[in-house]
2 protein chains.
Amino acid sequence: MRQQLSSVANSPAAFRELCAAHGLAVTHQRQIIYQALMAMHDHPSPEAVYEQVRAEIPSISLATVYKTIHTFLEAGLIQEVSIHHGTLRIEANREPHYHLICSECRSVSDLDETLVSPIRVQGKLPRGFEVRKFALDVIGLCAACRAKSKKQ
Amino acid sequence: MRQQLSSVANSPAAFRELCAAHGLAVTHQRQIIYQALMAMHDHPSPEAVYEQVRAEIPSISLATVYKTIHTFLEAGLIQEVSIHHGTLRIEANREPHYHLICSECRSVSDLDETLVSPIRVQGKLPRGFEVRKFALDVIGLCAACRAKSKKQ
DNA sequence: CTAGATGCAAACAGTTTGCGTCACT
DNA sequence: AGTGACGCAAACTGTTTGCATCTAG
């Protein structure tokens, strides 16, 4: 399931190799977008990637950036920062608790804090950062989605 | 900072009390929305709340539901499921890691897994749920935002 | 040569805003 | 009586889609 690649350097050759490993066509746009992503060490929005890439390819369209990001996500070349992007979701449960998420159907259920080993930060955080709380998502497959994916 | 209330039951009287404690006007719409939220034990979107509330107040507007949800969020009567609702954010870092989030400026930085005590689920999950990974957000205030809030 | 990638514009979903009217305090 | 909550419609933002054209394999 996981591909081991001989190079992870951010070079055109490495990118061709990555694409080959995932069965993706190598296009100029994809190459530049990939380069931009590797160079941006924050957690950019598609819009931010678009701005960055336009420096190289002024004629690129935002739609292409979106499509390419989805392609890269599916191939596992990049990740989303959170499974919860999109619509606002609210809850009335004011007790501290975590969430159990099915990555397939996106269902969310509550998970009592006491069911998880206590979380402690042991290392050095950026100076001055004041921790207020932990938000933990336990991500996996719910029984229903597991059954569905087995069938195929 | 935190209000202790003599009743948490979902009654009109309790709601009046809650509103009084938070300085909110008590309106019919707010009352019905609050009731609906308490009755919905999943993690509804504003749209879903709207649908639910329309059963009671057919003439209510979606804008009111949004405004009320924000009011309740600010007052702390309800919570958002994730701090990451909204725009898609992506990252090239494919190593397993967590995130450090400033709740004020919403900045995101990476946090190595090894800096956090190992996470283990100790209790019973819903039968058949297959855990794949943990997504942990360490939420707090970054140095800059802490300085800013102290000034005021 | 052909499947699929790109660019454009239009469509869409979720959310916010301005404003006139109405209701709580 | 006055502040602010409501309802409506229009505006806005982020994202997707249909389609004609172009390009990698």
Checklist entry - Is a side-chain donor-acceptor pair under 3.5 Å present for B:N93 with A:H43? => result no

Checklist entry - In whole angstroms, how far is the C1' atom of D:dT3 from the CG atom of B:L24? => result 14 Å

Checklist entry - Do B:I32 and B:Q35 have side chains that get closer than 4.5 Å, going by heavy atoms? => result yes

Next on the checklist: Taking any atom closer than 4.0 angstrom to a non-hydrogen atom of chain B, what span of DNA chain C does the protein reach, first nucleotide to last?
Outcome noted: C:dG14 to C:dT25

Item to check | side-chain contact (heavy atoms from CB on, under 4.5 Å) between A:I69 and B:L88, intermediate numbers included | outcome: CA-CA 10 Å; A:I69 285 173; B:L88 172 66; 4.1 Å; yes

Checklist entry - Could you give all pairs that pass the ring-ring contact (aromatic ring centres under 6.0 Å, His included) test and reach residues 116-135 of chain B, with sequence neighbours left out? => result none

Going by atom type alone, with no hydrogens or angles, which donor-acceptor pairs under 3.5 Å involve a side-chain atom of residues 115-123 of chain B and a protein atom two or more places apart or on another chain?
residue, atom, partner, partner atom, Å
B:S117, OG, A:P118, O, 3.2
B:S117, OG, A:R120, N, 2.8
B:S117, OG, A:R120, O, 3.4

Next on the checklist: Looking at B:R89 and B:E91, is any side-chain nitrogen of the basic one under 4.0 Å from a carboxylate oxygen of the acidic one?
Outcome noted: no

Checklist entry - So, do B:L62 and B:E47 sit near enough that their side-chain heavy atoms are less than 4.5 Å apart? => result yes

Next on the checklist: Counting only heavy atoms from other residues, nucleotides and ligands, does the tally under 6.0 Å from CZ of B:R16 exceed 12?
Outcome noted: no

Item to check | Any donor-acceptor pair under 3.5 Å from B:S103 side chain to B:G140 backbone | outcome: yes

Item to check | Residues in contact with DNA chain C, drawn from residues 85-93 of chain A - heavy-atom cutoff 4.0 Å | outcome: A:T87, A:L88

Checklist outcome for this item: The residue, B:H28 or B:S45, whose nearest nucleotide of DNA chain C is more 5′ is B:S45

Checklist entry - More 5' along DNA chain C: B:E47 or B:T27, using each one's nearest nucleotide? => result B:E47

Checklist outcome for this item: Rounded to whole Å, the OH-P distance (A:Y50 to D:dG14) equals 13 Å

Checklist entry - Between B:I32 (CD1) and D:dA5 (C1'), how many Å, whole number? => result 16 Å

Checklist entry - Considering only heavy atoms, which members of residues 52-80 of chain A lie under 4.0 Å from some atom of DNA chain C? => result A:S59, A:I60, A:S61, A:A63, A:T64, A:K67, A:T68

Checklist outcome for this item: Here the side chain to side chain donor-acceptor pair (under 3.5 Å) pairs for residues 72-84 of chain B, sequence neighbours left out, are B:E80-B:H85, B:H84-B:D137

Checklist entry - Any donor and acceptor pair, going by atom type alone, linking the side chain of A:R146 with main-chain N or O of B:E130 inside 3.5 Å? => result no

